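Each remark here refers to the structure printed beneath this line.
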Amino acid sequence: MRGYLARKTVIYGLTFVVAVTLNWLIPRLMPGDPVQRMVARAAVQHPETIAAMTAYYEQTFGLDLPLWQQYLNYWAALFRGDLGTSVWLFPAPVAQVVLDAVPYTLGIMIPAILLSFVVGNSVGAMAARSRWLDNVALPVGYLVTAMPYMWLAILLAWGLGVALGWFPVAGGYDFGMVPQWSWAFAGDLLQHWVLPFLSLFLVSLGGWAIGMRNLIIYELESDYANYLSALGAPKRLVRQYAFRNAMLPQITGLALQLGTILGGALVTEIVFAYPGLGKLVLSAIQNQDFFLLQGTLLFVVIGVLLANFVIDIVYVLVDPRTRTGLTGGTS
Amino acid sequence: MSLSVTDLRVHYRTLRGDVKALDGVTFEVADGEIMGIAGESGCGKTTLGKALIRLDTRMKHAGGTVALDGEKLPIADDGAMRRHRYREVSLIPQYAMSAMNPTRKIGRMIRDLLAAHNVRYADVLPELERRLKLVGLDIDVLKRYPIELSGGMKQRVVLVLSTLLNPSLLIGDEVTSALDVSSQKAVARALVEFRDHGFVRSMIVITHDISVLFQVADTILVMYAGHLAEKAPARTIIDEPLHPYTKMLIGALPKVGDRYEEQQLEGIEGRPPSLLDPPAGCRFRARCPLAHDRCAEAPPFREVAEGHQVACWAVS
């Protein structure tokens, strides 16, 4: 177990280094010059002023140094928790901008992932033994899963937001409100949260339900299930075993899905103008804000890596077959 | 009498119609008897074994009765049959290698199964440990997962587990088929020992391997295409078979000491009939060297000597 953890830690560490490097490199390979853009925003005509401003900004952002030094400085700053200064929201530090957005993204993602996983697996397990539910759940599941995130998001925004008027369709809270600790604000926050959450939740739900249904049917046909039934075990026990074993591939599926779900969350946020990381990524790209883009993607990378790491460990705990260092039988 | 099967018919439902895998079989297994069932693939031996404990979803009970210790078994009623399983009729499946849940420790699985039968694990544990030792297993297999055991060990765990509640009848389906010869011998010996210790009253051992039956079984029942061909003490089946099919089956086995350089090991010409729409009369007719007009009528399965029954017109 210790060897396994050490190996996983090294692998995740390496992945982190590569991800951070790419994360630093890609914005620098994008066309366009952010400094030019900032200078242009100041709308000055005088060439000397422009030169001075350019020099000032380049020094501020450390862009006057050779690339390798920029790279090393980036790592050094990273360990100090300094992600640089935003170009778009100058002079706000990137770390602050990102940290403000993270709760919104986590707030829709974590409930959407967990609830869709739990509800989807339960519905799937039930569908495996109820013909009626199977006939309803399966087609609906396929339909919902096949929908792209933004398409479902748009449908929901139109149906529940515009047509029925139940929920607001944009923003994290009402534009007329100031974030504060009050019931009115919390309620408003919740109202704005429903649609983005729902669109993520629904898209993931169908996949889990279909997967679970098929796995349960497979497990119920397996040898150990037949043997238990032949020895008079009640259906409840057999299903309990089947459910537990069917969960294992689903957990792997969850690990694989995390990245995709995150991508979906980003798109969903853009549709609902929800002030999370997704919207930040879009704004950063539109404004050629290297540092903000880097910072946001860094959080995304860390999030995906952490989640995968946790799932790797959970998997070892629930499936004895993956445990290393098992002592084989001898007689 | 322990087990008494009367005119049992079990069919498989298929899209092309019912496959009559078991078409009217009548036999008895006495207390303490180990009866072997032999026959080629598709003759209905596994179907017979399954019919006595749990019909699968494609199988249909088409007639006949099964009585164990004088009580009729509700073989067509899955729910009612559950009460009889394990305590009265138990099974060692064909797939003993994969019969245990891979993600549960063996002891935990046994505990769960016993709890489902309202038996306390702690009450049975000393006996369980005793029997594990009897088949040469260490008691800490209970703390292991099935993947940590070798094939032979799993087979023995399944043997102990299946017989833990001292069933009246144990059905062993191809118990030794997936094992190497030394494990085969150990399992065969364990089966006989379990009967001798009274852990199981009587036993039905299903296999295509007649040499294993010769080691284990008191009597051998030979089946052909859903019908019974011959039942007799094991020694009689090997030395003086009467039914032409049994003769050819035994004749197809190699014998120690014979040299097969000059002589050819003989097989049986032809193939068994389709059970979707089997021919009337004796089913072995088409392949039988002794076939004559009378064989168009099904021969009765009757006793020709003490404990020796044959279904053939040519023998009487």
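Naming: A, B, ... by sequence-line order, numbering from 1 per chain. Values in this document were obtained by computation on a predicted structure and should not be read as measured data.
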- prompt: So which bits of residues 193-202 of chain A come within less than 4.5 Å of chain B, counting non-hydrogen atoms only?
  reply: none

statement: Between Tyr227(A) and Tyr95(B), the two heavy atoms sitting closest are N-OH, 3.4 Å

query: Which residues, numbered in order, of residues 237-249 of chain A come under 4.5 angstrom of chain B by heavy-atom distance?
result: Leu237(A), Gln240(A), Tyr241(A), Arg244(A), Asn245(A), Leu248(A)

query: Between Tyr224(A) and Ser98(B), is any pair of side-chain heavy atoms under 4.5 Å apart?
result: no

message: With chain A as the partner, which of Arg85(B), Lys50(B), Met81(B) has the greatest number of non-hydrogen pairs under 4.5 Å?
response: Arg85(B)

- prompt: Is the number of heavy atoms from other residues, nucleotides or ligands within 6.0 Å of OH (Tyr218(A)) greater than 12?
  reply: no

message: Can you tell me which of Asn101(B), Ile53(B), Leu91(B) forms the most heavy-atom pairs within a distance under 4.5 Å of chain A?
response: Asn101(B)

query: Short question: side chain of Arg82(B), backbone of Gly232(A) - any donor-acceptor pair under 3.5 Å?
result: yes

message: At a 4.5 Å cut-off on heavy atoms, which part of Leu113(B) comes close to chain A: side chain, backbone, both, or neither?
response: both

query: Once you round to the nearest 0.5 Å, how far does CE of Met109(B) lie from CG of Leu228(A)?
result: 5.5 Å

- prompt: Out of curiosity, Ser90(B) OG to Leu231(A) CG, how far, rounded to the nearest 0.5 Å?
  reply: 5.0 Å

- line: Answer key: most heavy-atom pairs under 4.5 Å with chain A among Leu161(B), Leu165(B), Ile92(B), Asp56(B) is Leu161(B)

field: Part of Ser229(A) lying under 4.5 Å from any heavy atom of chain B
entry: both

message: Using heavy-atom distances under 4.5 Å, tell me whether Thr57(B) contacts chain A through its side chain, its backbone, both, or neither.
response: neither

- request: Go through the atoms of Val141(B) and report whether side chain, backbone, both or neither lie under 4.5 Å from a heavy atom of chain A.
  value: neither

field: Side-chain heavy-atom pair Arg54(B), Asn226(A) within 4.5 angstrom cut-off
entry: yes

